[in-house]
Amino acid sequence: MEFAELIKTPRVDGVVLHRPFMPTVEGTLCLTGHHLILSSRQDNTEELWLLHSNIDYIEKRFVGSLGTIIVKCKDLRIIQLDIPGMEECLNIASSIEALSTLDSVSLMYPFFYRPMFEVVEDGWNMFLPEEITLTLLTDEWRLSSVNKDFGVCPTYPQLVAVPKAVDDDTLRKVATFRHGGRFPVLSYYHKKNGMVMMRAGQPLTGTNGRRCKEDEKLINATLRPGKRGYIIDTRAINVAQQAKARGGGFEQEASYPQWRRIHKAIERYNILQESLIKLVEACNDQSQSMDRWLSKLEASNWQTHVKEIVTTACLAAQCIDREGASVLVHGTEGTDSTLQVTSLAQIILDPCCRTMRGFQSLVEREWLQAGHPFQQRCAQSAYSNSKARLEAPVFLLFLDCVWQVLRQFPCSFQFNEHFLVLLFEHAYASQFGTFLGNNAAERLKLKLPQKTVSLWSWVNRPQEMERFLNPLYEPNNLVIWPSVAPQSLLLWEGVFLRWNRSSKCLDEAYDEMVHIIEYNKELQSKVNALRRQLAQLETGDGLLETP
Amino acid sequence: MEHIRTPKVEQVKLLDRFSNRSTTGTLHLTATHLIFVESGTSSSSAQEVWILHHHISSVEKLSLTTSGCPLLIQCRNFRVVHFVVPRERDCHDLYSSLLRLLRPVSFDELYAFSYNPKQNDQQREEGWQLIDLSAEFERMGVPCDQWHWTDVNREYKVCDSYPRDLYVPVAASKPIIVGSSKFRSKGRFPALTYFYQEKKAAVCRCSQPLSGFSARCLEDEHMLQAISKANPNSRYIYVMDTRPKLNALANRAAGKGYENEDNYSNIRFQFVGIENIHVMRASLQKLLEVVGARALSVTDYLLGLESSGWLRHIKAIVDAAIFLSKAVTAEGASVLVHCSDGWDRTAQVCSLGALLMDPYYRTLKGFMVLIEKDWISFGHKFADRCDQLDGDPKEVSPIFTQFLDCVWQLSEQFPQAFQFSEWFLIQIHEHVHSCQFGNFLCNSQRQREELQLREKTYSLWSFLLSEQHNYENPLYSAALAERNPVLEPSTQPCHFKFWTNMYHQYDRTMHPRQSLLKHLLAVRESSCALEKTAHELEAKLQKLGVSMPSLGLGSAHRPRPQSLILGTPHGHKEEDGEQEGEGLPARSDGERTVEGSSATENSYAELQGPFGAKAEPHLVSLEFGVARMTC
């Protein structure tokens, strides 16, 4: 298929662009295969380059022959284009609609994007699965390549870490007992006390309480002698009960006597998607009523979801760090709420995950390699009115939770809020291939490393990285326990109110903060230099004085 | 001391508000404070709680439990403490002593009269002279050809709740003022409170007219005419009635009411719709009930926030102030603001409006001047509103707290516009209720003079200025204020937030575990020390004959005193073992406090309880607690 077929009117003059809190721009609108471009063709005026894949929904309006297209983006921005000429407007609108909903992955922009920068460090090779997990390995764990051809579990990577005492045949058997073949694998190893966190799909106990000796053997193999563990089921007990009817279920106490099961209620797909839609609708509501805002915010339930996820992650971290117990986390598939919990728990427990590189590695390991279906979940954002089936802001919720912790511990993270916002944007629409595909198998098939550029290749260039570093960062080796009181969990303004306020004041304040810290560092090095100089002179004098 | 029956009770338990933790210690009752000292730990790390009697708003004896008799104390600075006293008798003694102590019957029982900060009379006098309102009017450009000072209220005869020194239009003669004052509730005639020199537009304030259904007063009409004429830039003035229309209408039946546009030439009348003191009191009470709940869910929190109406009221006040500021700065029109008596809503709107218009009021000193002018001198009834003496509970209302909340909302939207941080606002709030300084005592200037507060008590402002470095906003930019003097805040409801650090100031678990503000203050402090060290080193090197290039860095940052207390102003609330010296304090890698908590005390879920095959799905109870974080 040629993009040209979809573009009936590639160019319209005299188009007026309205953006929130920015001056309007008049210029020429151009459509390319992947971008909507508006250029005033004057110096000093910013051009608009919008990826079609970033467009969530468009609305058309007509007043006489003046058409207006309201473009609602996945990053929650809303812009307005006034286009003279009804036909042009209709053509543009239908082209945008077609181009923003391309079915085929291989037509996506990352396959056409050529970087304007030199790739110094290839992001595709930065976090190879072996390297990621090797750092976790001890005598008790090994890397298994049982899933080399993705036959045992289609959503797992080729290499997974499992207890040394368990052989590949056992793993194959366990896979048949777990949802989607997602047998328990190592997610995190807590160096401080040797406790571990594992994740899996739900056990397929069904209504008649099926057992699987191998599964019991596998997860018991992760316990130290005499120790007990916790199973954190991210579903409410009644949801877990209902899952039995569909062949799923949860670990029965009788079969897993060394494990204590705790149920938490983290919501799934369509509920989360509806929550996002309601929240964004509330944030964009222009009415001035405080009561209306608060009741809409409440009705969206977004903050409740945030609280539930942070709480569950803290619980998992508490079991590991405080109770000295190992933990197994699962929900139904083990690709959504499970990953929210395991990754956030690592942020709390492991200082490495709070560094720039460590956080990237965490996203790579616990989200991309672990098989979170990004392409399905992020296909639509808050404005699309098509029926959501697989879409859900699972990753956005995770980023929101990280932001909550970052806000409570502003000196403990090497990266800043901008980096989290960046990840949100790129998960939904990107020139990079990182978030394409739903799992490692699909990515391999798409040959992403060969055909696209990795987001990490770009982010880790020093000139880009600078924007995402937290000037307040002071490394510490501590476990950080956030407060989960509703008063302590705020609405993430950086994402949800980003487009309905002017960011000027906040940006300037941020720059001033950076300045204060930079100035301090400059002074520090100056004083050190002076000290050295003085010391040299004094020892020099000393030498002269002693005969 | 005669009210204290039991000065000391041992083995008292202090229960944490939001978790199941408790500490045991000794409770001391002094003439001014209730003090709890944790026992059993080394004296340096023992927890101490000092509660000033004036801060206590209520004491409740709850029903007897197996561990003793619970005593619940709620404070006006939003502290809530829950003691359990082992013997019922002791508890009753404490209870009845406190009941008497927290309800002083005369002003001379207040702490301000016994508080002695070891200053001599001259220092005390200097403290009181710090704020000079006539100098403030001069700064605004008054007197000028259209506005002058009047001695009409010299003996407080025209209006006993107004200050002596007042400014009125030159065209308003004394008979007009006196006539107008007779037509205004409590004699509070229109007087100047802010002058916007650039457009010669004035902000005046008064109380409601005694218009009833048809009464009119020629002097009052002249008065408004004079205010209008004093502004050559606008043909009309705005009259802002800050009440909801319904309230104003109801007042007409009582012979009060609002201005009839037909009787006054060239006025534009506007209702604003801020609720009265009773609604505000109930609103705060509801708010505190909501956020004080244990294991609060997000739903209950947000619904409670909504039904309390608190943020709605805050927004109404900010909206009114924005209206005022726009009328003055954009239209160049003068504005007359009133409510019923003109000392609550009027004070809120006038002061907040001036804060939006004039960057001076966003400085530390300017903010003190603003409070002194619009609140203290114009007779906001602090004694009644803050319940300083045993008075009518219906007069109590968090009007001033709301003003501080509004200022905080603005500071969140404009992080560089204010020279002070929220700690300053919280500290002022603390002392409005502490009765430790003379500034906020009584209801009017006249009362204050009668009590000779300037001779017998100390001024809060000099105390705050002496530790100014604690209250500075490190991000403040004076240059920015010059470029954009008038603030234009967003009025969208989503930009108004619950002020956790105020209403949970004593609930440390709710705060961010690392404070950005504290960190930046420490960095700035360190920079000052480094500048000094650098200069010393340079001097030494020069002595040794090395020529130095100039530092070239220090211009933007002026040096400040070295003794920066890193904690919040509330002394013992924060402790931080940061080492002294230049550079950012080096941290040891082993163990460090990050104002964090431990998981066990945070208990995200109950993990205790028997293991076993029968373990049922668990009821998770969430609590919060704070403690050290170790690695």
Side-chain angles (χ1 to χ4, degrees), chain A residues 228 237 253-254 257 260 262-263 283 288-291 293-295 297-298 303-304 307 311 314-315 317-318 321-323 407-412 472 476-478 480-481 483-488 497 500-501 505-506 508-509 512-513 516-517 519-520 522-524 526-527 530-531 533-534 537, chain B residues 291 296 298-299 301-303 305-306 311-312 315 414-416 474-475 477 490-491 493-494 498 500 504 509-510 512-514 516 519-520 523-524 526-527 530-531 533-534 537-538 540-541 544 553 582-583 589 592 594 596-600 602 604-605 607 611 613 615 617-618 622 624 629 631:
Chain A
R228 293 167 190 276
I237 177 71
E253 288 81 359
R260 163 112 177 261
I262 299 173
H263 287 272
C283 293
Q288 288 284 318
S289 156
M290 178 63 73
D291 288 1
W293 156 247
L294 287 172
S295 76
L297 179 62
E298 188 280 319
Q303 294 298 96
T304 302
K307 180 173 154 83
T311 307
C314 288
L315 174 67
Q318 189 185 353
D321 187 66
R322 295 283 140 158
E323 304 289 316
R407 198 194 67 84
Q408 292 189 32
F409 295 89
C411 307
S412 297
L472 297 164
N476 72 59
N477 288 322
L478 302 168
I480 53 176
W481 301 105
S483 161
V484 295
Q487 296 95 315
S488 309
L497 302 181
N500 56 15
R501 63 172 182 194
C505 291
L506 301 178
E508 283 173 357
E512 176 62 23
M513 183 180 84
I516 290 173
I517 292 162
Y519 175 69
N520 183 268
E522 260 175 68
L523 272 176
Q524 185 76 68
K526 182 179 172 73
V527 165
L530 287 173
R531 284 232 168 89
Q533 201 177 351
L534 194 65
L537 278 175
Chain B
V291 299
L296 181 63
V298 174
T299 296
Y301 168 64
L302 290 174
L303 290 180
L305 210 53
E306 182 199 334
L311 288 178
R312 189 179 70 229
K315 177 169 149 53
F414 302 97
Q416 294 189 271
L475 301 177
S477 159
S490 157
T491 60
C494 54
F498 173 70
T500 311
H504 286 297
T509 49
M510 304 266 184
R513 304 311 166 85
Q514 293 165 328
L516 206 96
H519 186 87
L520 286 180
V523 170
R524 276 211 341 188
S526 138
S527 291
L530 282 170
E531 277 171 6
T533 317
L537 288 172
E538 278 173 349
K540 269 191 203 166
L541 281 167
L544 292 168
L553 292 161
E582 73 290 317
D589 279 329
R592 178 187 148 191
V594 182
S597 55
S598 81
T600 36
N602 248 329
Y604 303 100
L607 290 177
F611 257 113
H618 207 77
L622 275 180
F624 321 101
M629 197 164 66
C631 102

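Residue numbers begin at 1 in each chain, while the letters A, B, ... track the order of the sequences.
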I'd like to check the side chain to side chain donor-acceptor pair (under 3.5 Å) partners of A/Arg407; sequence neighbours left out, ordered by chain and number. none

Applying side chain to side chain donor-acceptor pair (under 3.5 Å), name anything that partners B/Glu306, two or more places apart in sequence or on another chain. none

Verify whether one side chain among B/Thr491 and A/Gln288 offers a donor that lies under 3.5 Å from an acceptor in the other. yes

Of all heavy-atom pairs between B/Thr509 and A/Ser483, which one has the smallest distance, and what is that distance? O-CB, 3.1 Å

When you check the gap from the basic side-chain N to the acidic O, do B/Glu538 and A/Lys526 get nearer than 4.0 Å? yes

What closest approach, in Å, do B/Leu311 and A/Met290 show between heavy atoms, and which atom pair accounts for it? O-CE, 3.5 Å

Quick check: closest heavy atoms across A/Gln487 and B/Phe498, and the distance to 0.1 Å? CG-CE2, 3.8 Å

With rounding to the nearest 0.5 angstrom, report the OH to OG distance, A/Tyr519 to B/Ser527. 6.0 Å

Residue pair A/Glu298 / B/Thr299, side-chain donor-acceptor N/O under 3.5 Å: yes

Kindly compute the distance separating NE2 (B/His519) from CG (A/Leu472), expressed to the nearest 0.5 Å. 5.0 Å

B/Leu475 side, atom CG; A/Glu508 side, atom CD - distance, nearest 0.5 Å: 11.5 Å

A/Met513 CE to B/Leu520 CG distance, which is reported to the nearest 0.5 Å: 6.5 Å

Under a 3.5 Å distance rule, please check whether B/Gln514 uses its side chain to pair with a backbone N or O of A/Cys411 as donor and acceptor. yes

